[in-house]
Amino acid sequence: MGLPLDGVRVLDLSHDWAGPHATRLLADLGAEVIKVEYPRRLDGMRGGHLTDGRFDKHPRFWQLHRGKMSLTLDLERQGHLERARALVRWADIVVDASRPGVLDRLGLGWDVLVAERSDIILIQLSAFGATGPDSAHGGYGGGIEPHSGVQAFTAYAPELPPRRIREMDVINGLAGACAVLTALVRRQVTGEAQRVDMSQTEVAITSLAGAELLETAVLGVAPVPTGNRHRSAAPQGCYPCRGEDRWVVLTVRSTDEWHALCRVLGRPDLLSDRTLESAGGRMAAHDRIDDVIANWTRQRDHRAAMAELQEAGVAAGAVLDPSDLAADTHLGERGWFVDAEDGSGRYPGMPFRFVGEAPRIRRRGPFLGEHNAHVTTEILGLPESEAEAVDPDELGTAFDPE
Amino acid sequence: MSGALEHLRVVEIAGGVAAPFCGKLMASQGAEVIKIEALPTGDPTRSQGPFADDPGPETSLPFLWLNTAKKSVAIDLESGEGLSLVQRLAVGADIVIESFPPGTLQGTGLSYDELSAEQPDLIMVSVTPFGQDGPYSGFLGDEIVAYAMGGGMHLTGDPDREPLVGGLQVAHGSAGMAAYLGALAAAFDRGRGGGGRHVDISIQEAMLDNIEIALVEYLHTGRVARRTGDRHALVPWQLYPCRDGWAAVIGGPVRNWLDALEDIEAPRLADAQFRHVAGRMAHPKEFEKILESWLSTHDRADVLARGRQHGLAFGVLNRPEEVLDHPQHRERGFFQRIDHPLAGELVMCGEAFRVAGAPAVHGRAPLLGEHTTAVLTGLMGMSAADVEDLLDSGVAAAAGGAS
């Protein structure tokens, strides 16, 4: 069985994280993706250094652009806009993550795209959406997370500073890929061009905070951060284990689970304490219960504690760091990490899998302009002499002052 | 047309957050989503608070949020007759979403193997805490467990404190969206002859996607990332306290930073050591002391405007009440007021993305069994008398207490 997006072609004009994450998912699913790179201001994930080809050596870039091709284009140069327009004719999908209006300014606005290819799909992932008073402004995860309100819900306690969960780019990239598939499926039915407006702020709200905002609107009071505790179930928390910075979490959601926890902790006295039979009673005694749990977890390895708790029927999890995850037996047996077919090493897997199909990663993210010759000859049909070499003297980074 | 996915029929037999969220996303884009609810109580989320009004199965806010624009068919899944009705509905669907513990459906007629034997083009989406196989597949999960085992928790919170769970359903939201992506990728391929597929979503693995950079850096350099409070690698790139709350001072695009200093009247920020981002990253504490002193005499809106004037992607921390009334959301009609017969007026945020010419669907969540009769007579072609028998015998139930 082939990959589900085999033969689907994507022209990727995005940069940094959210847009590239969307097209990474499409590439993982089999799509052919050309990442267009602007030599005078390299993708932020290529870093701020031009010496020793360091811009080609970032594992984060290899990850975010795995399976894609790199083509350098400078739309201000003679003939390059024509090449971009020819690539629109080649593509099924154009992904853009710039501020609304930038694409038009570059000569690649919606009307141009549709004129080049009547059934083109354009996905625009902007910070605030294509309309409204904020639409002209840019945004990064660090601004979108507080602006969307998402950051207001995470803190150790209501009076302590809000903390980031830092995943706005990934959830937005995932939503961007969802938008592409929605448009592709609809195009199969209508045969027509599709245009999708995606606000990264709205995605953050819909995917993470919709229920909390509904509650705020209906009850007139917003939920406040409760640290690691649950709002209604108890106990729930993060407890220290043997070793440095080792922790296990657990959550008790029913009386049965509470009884199971008491047995694991070896505390029949708690089991028979009738004031602790209800979640409310346990909430009132949370500090005392936490001490008992922590005394038990401190004597154990974080994964051993998790296994013992799960075995007894308590929802528990070790707090896993990247090294734990890379060595984890469950992920290992599921083959979650994947070795790239180009021999460049091991990569994180997919957020889902198709049963019976092994996930594939074809190659690491490309070197700058690695596919200039291929795209020029095989896709644009031009002679090889037309392929541009990357000129080291014209390169600039996203971190240079202007 | 109404909704980009209006030609798709989805049968959802699922509880929890991630799987119903996937169904909700599909319903918002126009798919017909038929939610099978097991009698007597329906989706267990119906019993979860907070409630819009008096506690009851029709006023649970989490349920009302997760099930907008779906249809509800209430069936007794313990009865053979009920199971066979659901099986017929599932075989006639494009996509089936389920969230049972792995192996539970085997032999009921509702497993992927059994359904795909009847309908090879079926797409089934199975959403579980740790996936369909592997040593943890029988483990119990919840948001805090998924966030811990999905690597997010190790990286959230302060370096000198215990790891902190995200205050929202990060793992479950990601998993619901990953389920949507997997289902639609399969649907696209089926549309060109690629056949059916079984999509396996492990909520842990969907969470892991969120820390892809920390993971790949460990795999290729051996460096283990740690939590850093709110600190970002770049400076400034985080929330700082200001006079009336918190402002996100994001020094990016980096090329615009020096220009913005015209409007951030703290002359020492222009010192030679802070002119390049590398210098700001090398001396963050000195830099932030000057910045925070300036911020303490300015309001959020003022800080935001000054940054934006120079093309910087500043932000502010909006409190939930402010988000609901934000001019950007008002202008785009992002929040809708939706009337519910028992829960009253609700305020729901809109769809994740907007497909031109295919407006999203903004319906309310269904009452338990609200569409039982319509689906059995309409879609399944049963006679009114046969449906009456099913209701009388308790195999099915309709809203309004027909049984």
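In what follows, every heavy atom counts, from backbone to side chain, and hydrogens, waters and symmetry copies are set aside. Just so we're on the same page: letters track the sequence lines, and every chain starts at 1.
- In this structure, the side chain of Asn318(B) engages the main chain of His147(A) through a donor-acceptor pair within 3.5 Å.
- Just one residue in the list Arg308(B), Arg332(B), His329(B) forms a side-chain hydrogen bond (donor to acceptor under 3.5 Å, both in side chains) with Asp134(A), and that residue is Arg308(B).
- Heavy atoms closer than 4.5 Å to chain B are found in both the backbone and the side chain of Val319(A).
- Interface remark: Thr131(A) contributes backbone and side-chain atoms alike to the contact with chain B (heavy atom separation under 4.5 Å).
- Residues His220(B) and Gln63(A) have side chains that never bring a donor and an acceptor to within less than 3.5 angstrom of each other.
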Please determine whether salt bridge (charged side-chain N to carboxylate O under 4.0 Å, His left out) holds for the pair Asp209(B) and Arg24(A), giving the CA-CA distance in whole Å, both sets of side-chain angles, and the decisive distance to 0.1 Å. CA-CA 11 Å; Asp209(B) 204 33; Arg24(A) 188 218 99 191; 3.0 Å; yes
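- The side-chain tip of Arg197(B) does not point at the ring of Phe352(A) from less than 6.0 angstrom away and within 45° of straight on.
- Asp328(A) is linked by a salt bridge (charged side-chain N to carboxylate O under 4.0 Å, His left out) to nothing, counting only residues two or more places apart in sequence or in another chain.
- When atom types are taken as modelled, the side chain of Glu162(B) and the backbone of Cys238(A) share no donor-acceptor pair closer than 3.5 angstrom.
- Results of the side chain to side chain contact (heavy atoms under 4.5 Å, CB included) test with Phe353(B) over Thr206(A), Val196(A), Ile123(A) single out Val196(A) as the only residue that passes.
- Judged by distance alone, with hydrogens and angles left aside, the side-chain atoms of Asn228(A) form a donor-acceptor pair with the main-chain N or O of Val165(B) at under 3.5 Å.
- With a 4.5 angstrom heavy-atom cutoff, Val180(A) does not touch chain B via any of its atoms.
- Contact annotation for Ala222(A): both backbone and side-chain heavy atoms come within less than 4.5 Å of a heavy atom of chain B.
- Here the side chain of His330(A) pairs a donor or acceptor atom with the backbone of Tyr136(B) at under 3.5 angstrom.
- Glu215(A) places no side-chain N or O within 3.5 Å of a backbone atom of Phe51(B) that could act as its donor or acceptor partner.
- Proximity of a side-chain donor or acceptor of Glu331(B) to a complementary backbone N or O of Pro133(A) within less than 3.5 Å is not detected.
- In this structure, the side chain of Gln310(A) engages the main chain of Leu140(B) through a donor-acceptor pair within 3.5 Å.
- Side-chain atoms of Tyr140(A) never come within 3.5 Å of backbone atoms of Trp237(B) as a donor-acceptor pair (strictly under, hydrogens ignored).
- Taking a cutoff of 4.0 Å between a charged side-chain nitrogen and a carboxylate oxygen, Asp6(A) and Arg192(B) do not qualify as a salt bridge.
- In this structure, the portions of Val170(B) lying under 4.5 Å from any heavy atom of chain A include both its backbone and its side chain.
- Heavy-atom distances place the backbone of Met350(A), and not its side chain, under 4.5 Å from chain B.
- Under the 3.5 Å distance criterion, the side-chain polar atoms of Ser174(B) are left unmatched by any main-chain donor or acceptor of Ile171(A).
- Salt bridge present: Arg334(A) and Asp133(B) bring a charged side-chain N and a carboxylate O closer than 4.0 Å.
- The part of Ala398(A) that comes within reach of chain B is its backbone (N, CA, C, O), which places non-hydrogen atoms under 4.5 angstrom from that chain.
- If you measure heavy-atom distances from Glu257(A) to chain B, the contacts under 4.5 Å come from the side chain alone.
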